[in-house]
Each structure stands twice: as structure tokens, then as C-alpha cells.
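All remarks here apply to the structure that follows.
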Amino acid sequence: MTTGRFIALEGGEGAGKSTQARLLADALRALGVEVVVTREPGGTPGAEAIRKLLLEGAPGDDGPGWNPRAEALLFAAARSDHVEQLIRPALARGAWVVCDRFLDSSRAYQGGGGGLSDADILTLHAIGSMGFLPDLTLLIEVAPEAAAARLALRDAGGTDRIGGRDTAYHARVAHAFAAFAENEPGRFARVDGNGTPDETHARILAAAAPLLPTP
Ligand code: TMP
């Protein structure tokens with residue numbers, strides 16, 4: 001039994017990651033592999049509970065929310081549980097894992113957006129998840145106007161505590177993602193996400209082709 005592959009999808013708000021995770025999983029299943037689709041923060045009961053704390057705040061706390069360090073620790077704790085309980089076991093039994101966000105979201109949001117150093121985020125990941133990394137990270141990039149239009153539809157009922165941060169925060173996030181992809185080309189594939197879902201899916205399949213099993 002060979003182990004599965006771990007593919008993460010990354011990008012800012014409204015990049016279309018969830019749709020693309022589903023389309024990629026369907027394509028992989030058509031090639032005959034078992035696929036687990038999951039997300040961060042979340043993916044296990046414990047990590048989903050932490051997701052609620054992060055995105056909705058602690059019950060009864062109407063204040064400013066988690067400080068940037070507490071926020072980074074909570075993301076790292078959620079990831080630790082997710083890696084240990086869901087991702088590693090799935091890979092070990094030969095399943096592929098497609099994950100909507102992973103470590104690079106912490107580097108971009110808590111680091112680029114929130115001002116923590118990249119070294120600190122990586123230290124938290126070393127402690128929480130022993131530095132575990134995806135085989136491939138797909139960075140889906142969309143123009144800010146396209147992302148805003150998609151978000152207006154998605155978030156008509158209100159946004160969460162992180163998605164609702166100001167434009168300058170999200171611009172720093174996008175800049176950080178782009179810099180990681182630029183500096184770590186062996187780990188990232190950059191995907192233009194401005195077209196239709198099918199067009200982006202085709203680009204993702206092309207980027208993932210070296211990993212894919214032959215039908
Ligand atoms: P989602 O809406 O894509 O599911 O992600 C939830 C929010 O959490 C989104 O605004 C990005 C943010 N986030 C971080 O700030 N750091 C992280 O490490 C992860 C995984 C997500």
C-alpha cells in the first residue's frame with residue numbers, strides 16, 4: 001500500500017478554494033483514489049470547536065477578540081489535532097487529502113496580516129504538527145474586485161471575525177501569499193483563479209499533473 005498525497009488549496013477570501021477542492025476531489029476519485037476533502041480551521045470535532053472560537057469569538061465575549069498571538073496559537077492547536085487525527089491517518093491508509101487552507105494561511109494571515117514573524121508561525125507549526133507539510137500547495141489568485149464580487153454573494157448574511165477585517169489587512173495577506181509562492185517555487189503552484197470554475201479547475205489539474213496517478 002502506497003501512502004496518499006496531500007494537496008492544500010490556499011488564497012485570500014473569495015478565491016474559490018472550496019469549489020475547487022470539490023472539483024479536484026471529484027477528478028481524483030474518477031482516477032480511482034480514495035479522497036478526503038477537509039478544511040482549516042476545522043476537519044475534526046476538536047478543530048471545528050476551535051474554528052468557532054476563532055471565527056465567532058468566545059461565547060459572551062463582545063470585546064476585541066483574540067490577540068494576534070493567541071489567535072496564532074489557536075490555529076496551530078486546531079491544525080495539530082487535524083494533522084494527528086485526520087490527515088496523517090488518511091494518508092497512511094492510502095487516501096489522498098485535499099485541504100481547503102493549511103499552514104500557509106497562518107503564515108499569510110497571522111504573519112503577513114497580523115504582524116507575527118514567519119519564524120514564530122513556523123515554530124508553532126513545528127511544535128503542533130512536527131512541521132508536517134503538503135506535497136503540493138495550490139495558491140489560487142484572483143483580482144481583488146473579482147474576490148469582492150464573489151464575497152458579496154457569499155457573505156450576504158454577514159462575514160466572520162477574520163474575513164471581515166479591513167482591506168489593508170487583506171492586501172497584506174495577498175502580498176504574503178504571493179511572496180511565499182515566489183520564494184518557495186518547489187512547494188507552490190500559482191493558479192489564476194479569475195476565470196470560470198471550470199477554467200480554474202483545468203489549471204489546477206495541469207498544476208497537479210506530476211502528482212496524479214495514471215488512469
Ligand atoms: P474559510 O472562510 O476559508 O473557511 O477560512 C476561515 C478564515 O480563517 C479565513 O478568513 C482565513 C482565516 N484563517 C487564518 O487566519 N489562519 C489560518 O491558519 C487559517 C487556516 C484560516
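Order of listing sets the numbers, starting from 1, for every ligand and every atom in it. All values derive from a computational prediction rather than experimental measurement.
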Problem - Distance filter under 4.0 Å to Ser105 heavy atoms, resulting ligand 1 atoms - result: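 Matching atoms, with element in brackets: 16 (N), 17 (C), 18 (O), 19 (C), 20 (C).
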Problem - Numbered atoms of ligand 1 (with element) below 4.0 Å of Ile162, judged on heavy atoms - result: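 By the 4.0 Å cutoff, the relevant atoms are 10 (O), 12 (C), 15 (O).
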Handout entry: Ser18, portion touching ligand 1 at heavy-atom distance under 4.0 Å
Key =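 Ser18 to ligand 1: no contact under 4.0 Å from either part.
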Handout entry: ligand 1 versus Glu71: contacting region, heavy-atom distance under 4.0 Å
Key =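 Looking at Glu71 and ligand 1, no heavy atom falls under 4.0 Å.
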In the protein, which heavy atom is nearest to [atom], and how far is it?
atom	result
atom 21 (C) of ligand 1	Phe75 CE2, 3.4 Å
atom 6 (C) of ligand 1	Leu55 CD1, 3.8 Å
atom 15 (O) of ligand 1	Gln110 NE2, 2.8 Å
atom 18 (O) of ligand 1	Ser106 OG, 2.6 Å

Side-chain heavy atoms under 4.5 angstrom apart, residues restricted to Ile, Leu, Val, Met, Phe, Trp, Tyr: same cluster for [X] and [Y]?
X	Y	answer
Val37	Leu28	yes
Tyr109	Phe75	yes
Val83	Met130	no

Practice task
May I ask which of Arg51, Arg39, Glu40, Glu13 has a heavy atom nearer to atom 4 (O) of ligand 1 than the others do?
Solution key: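 Residue with the shortest heavy-atom distance to the ligand atom: Arg51.
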Handout entry: Selected option - heavy-atom contact closest to atom 5 (O) of ligand 1, from Arg161, Arg101, Arg107
Key =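 Nearest heavy atom to atom 5 (O) of ligand 1 lies in Arg101.
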Practice task
Take Val191 and Glu141, measure what side chain to side chain contact (heavy atoms under 4.5 Å, CB included) needs, and give me the verdict at the end.
Solution key: CA-CA 6 Å; Val191 176; Glu141 295 178 298; over 6 Å; no
Handout entry: Leu124 and Leu73: CA distance, side-chain angles, deciding distance, side chain to side chain contact (heavy atoms under 4.5 Å, CB included) verdict
Key = CA-CA 7 Å; Leu124 295 183; Leu73 284 158; 3.6 Å; yes
Does any donor atom in the side chain of [X] or [Y] lie under 3.5 Å from an acceptor atom in the other side chain?
X	Y	value
Arg93	Thr3	no
Ser105	Glu10	yes
His82	Thr38	yes

Handout entry: Heteroatom proximity flag, Arg79 to ligand 1, N/O under 3.5 Å
Key =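 Among all N and O atoms of Arg79, at least one is under 3.5 Å from an N or O of ligand 1.
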